[in-house]
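Reviewing the structure listed below.
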Amino acid sequence: MNSSMSTARLTINLQALASNWRALDAKTGVETGAVVKADAYGLGAGPVSDTLAEEGVRKFFVAAAEEGAAVREAVGPGPMIGIFSGHMEGDTDLLRAHDLTPLINSAEQFQRHLQALPDHAFGIQLDSGMNRLGLEPADWAELRPKAEALNPVVVMSHLACSDEPDHPMNQQQLKTFREMTDGVTAPRSLAATGGTFLGPEFHFDFCRPGIGLYGGLPFAGAKPVVTVDLPVIQVRQLDVGETVGYGNSWVARRPSRIATVAAGYADGLHRAIGGGIDTFAGNQPCPVVGRISMDLITVDVTDLPNDPERLRILNGHQTVDDLAEAAGTIGYEILTSMGNRYSRGYVE
Ligand SMILES: *Cc1c(COP(=O)(O)O)cnc(C)c1O
């Protein structure tokens, strides 16, 4: 792990992660799995999965078979690792070697699975209205007898609008999912983080949150999991009227001290964030001024008594969702675009 002073540092609090999983688990009377796709939303699939497995998670989910291999290495034999993309051409060896469970999306995938891995566990993914992944009602009706006879380990679907509790789509998808699955013997799953908060009729046999584990909305009570510290490269003095950064977008209205920190939009701190956010020296907020550039951010530290060595941009005061709001996006995108230049540290 690179812990050089000169790189931005991303610190992942594994206790907060475990606590968020327990809190989500306590919201329902059913089992709670964990979605760890995209390298656990950018936080490291290995340490995240390992921590959650120790907490008791028995069902993990990733987007692609390649991601599943890393999760299997972290959690060892036993827990189910579901693959949302199903059984794609070329996946067979990975599925077999790492005991991954494809979530079948089409009749074609079902055929492929039966031919390539006839005795290997699989699940079924249904489209209940999102029109993204899964078997449509007519295809499912045709496949159902054959699939059910082979004991799928889960029959699942995904909600399109679960972050808006009053959206009529939630009830509509619930109805469709029920119509498609009532009477199946396999365990059923519909809810991700959002669905966990929609009430027990959405919980079925297990929930499978992602973003809420990592401290993001729509889990409003989540503990912050990630902190990001940016090293200060230099601090300079500006006179009234001097400008900062590309486009001269910030003008000093008082004699100012400006710190330049080592991170930028190439590190997931989107250029669209613009002004309106702070960095923190301890509890003292210091506003970001001027445009965010590829590798650098400029900060007004005039009100600090001393030049800081580093400034924190993500913490319990300013969350992933605050940065997302400033950038006009969602917490998911902020987390997953924090690239490889950060050194990553884990607090247990
Ligand atoms: C990403 C994903 C999840 C997790 O969603 P969150 O909103 O992060 O909780 C669950 N199920 C499926 C099918 C997904 O693609």
Side-chain angles (χ1 to χ4, degrees), residues 17 20-21 23-25 27-28 30-43 45 48-49 52 57 59-65 67-68 71 80-88 100-106 109 122-135 152-165 167 169-170 173-174 176-177 180-181 187-198 202-223 225-226 319-321 324 329-337:
L17 169 81
N20 287 337
W21 180 81
L24 288 166
D25 186 47
K27 301 268 178 230
T28 77
V30 303
E31 184 181 350
T32 305
V35 176
V36 294
K37 63 193 179 190
D39 200 23
Y41 292 46
L43 303 187
V48 163
S49 306
L52 293 171
V57 175
K59 292 182 172 66
F60 291 87
F61 296 88
V62 292
E67 297 181 319
V71 176
M80 182 196 108
I81 300 172
I83 312 295
F84 290 141
S85 59
H87 193 149
M88 308 264 286
L100 309 174
T101 304
L103 301 163
I104 300 297
N105 288 301
S106 64
Q109 286 197 351
F122 67 94
I124 296 282
Q125 198 158 195
L126 300 176
D127 178 33
S128 58
M130 191 175 184
N131 286 308
R132 194 180 66 167
L133 278 180
L135 289 148
V153 296
V154 57
V155 176
M156 59 166 279
S157 188
H158 193 48
L159 297 167
C161 303
S162 66
D163 57 337
E164 297 176 60
H167 201 294
M169 185 66 167
N170 295 320
Q173 284 192 267
L174 177 60
T176 304
F177 186 61
M180 291 174 85
T181 63
R188 292 187 284 180
S189 178
L190 182 60
T193 303
T196 304
F197 296 101
L198 294 181
F202 285 85
H203 297 161
F204 293 91
D205 294 293
F206 67 90
C207 296
R208 28 167 237 277
I211 191 74
L213 303 171
Y214 311 113
L217 289 173
F219 181 12
K223 287 192 179 162
V225 172
V226 191
T319 66
V320 177
D321 289 291
T329 181
I330 52 176
Y332 300 71
E333 192 184 7
I334 296 289
L335 281 181
T336 55
S337 45

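Residue numbers run from 1 in the order of the sequence given. Both ligands and their constituent atoms are indexed starting at 1 by order of listing. This one's a predicted model, so the numbers in the text were calculated from it and none came from an experiment.
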Interfacing atoms of ligand 1 (cut-off 4.0 Å, heavy-atom, Arg132): 15 (O)
Looking only at protein heavy atoms, identify the closest one to [atom] and say how far it is in Å.
{"atom": "atom 8 (O) of ligand 1", "answer": "Tyr41 OH, 2.5 Å"}
{"atom": "atom 9 (O) of ligand 1", "answer": "Thr193 OG1, 2.5 Å"}
{"atom": "atom 1 (C) of ligand 1", "answer": "Lys37 NZ, 1.5 Å"}
{"atom": "atom 7 (O) of ligand 1", "answer": "Tyr332 OH, 2.6 Å"}
{"atom": "atom 5 (O) of ligand 1", "answer": "Ala192 CB, 3.3 Å"}

Do [X] side-chain atoms and [Y] backbone N/O form a donor-acceptor pair below 3.5 Å?
{"X": "Asp205", "Y": "Arg188", "value": "yes"}
{"X": "Thr193", "Y": "Pro218", "value": "no"}
{"X": "Asp127", "Y": "Gly129", "value": "yes"}

Quick one, Thr28 and Phe206 - any side-chain contact, counting heavy atoms below 4.5 Å? no
Hey, does Phe177 have a side-chain heavy atom less than 4.5 Å from the side chain of Leu159? no
contact_flag Pro209 ligand 1 heavy-atom lt 4.0 Å: yes
Between [X] and ligand 1, is there a nitrogen or oxygen pair with a distance under 3.5 Å?
{"X": "Ile211", "answer": "yes"}
{"X": "Arg208", "answer": "yes"}
{"X": "Met156", "answer": "no"}

Parallel, tilted or perpendicular: which describes the rings of Phe61 and Phe84, with under 30° parallel and over 60° perpendicular? parallel
Met88 atom CE: more than 12 heavy-atom contacts under 6.0 Å: no
Can you tell me how far CZ of Phe219 sits from CG of Asn20, rounded to the nearest 0.5 angstrom? 5.5 Å
Should the proximity of Met130 to ligand 1, defined as any heavy atom under 4.0 Å, be assigned to the side chain, the backbone, both, or neither? neither
Answer side chain, backbone, both or neither: which part of Phe84 comes under 4.0 Å from ligand 1, heavy atoms only. side chain
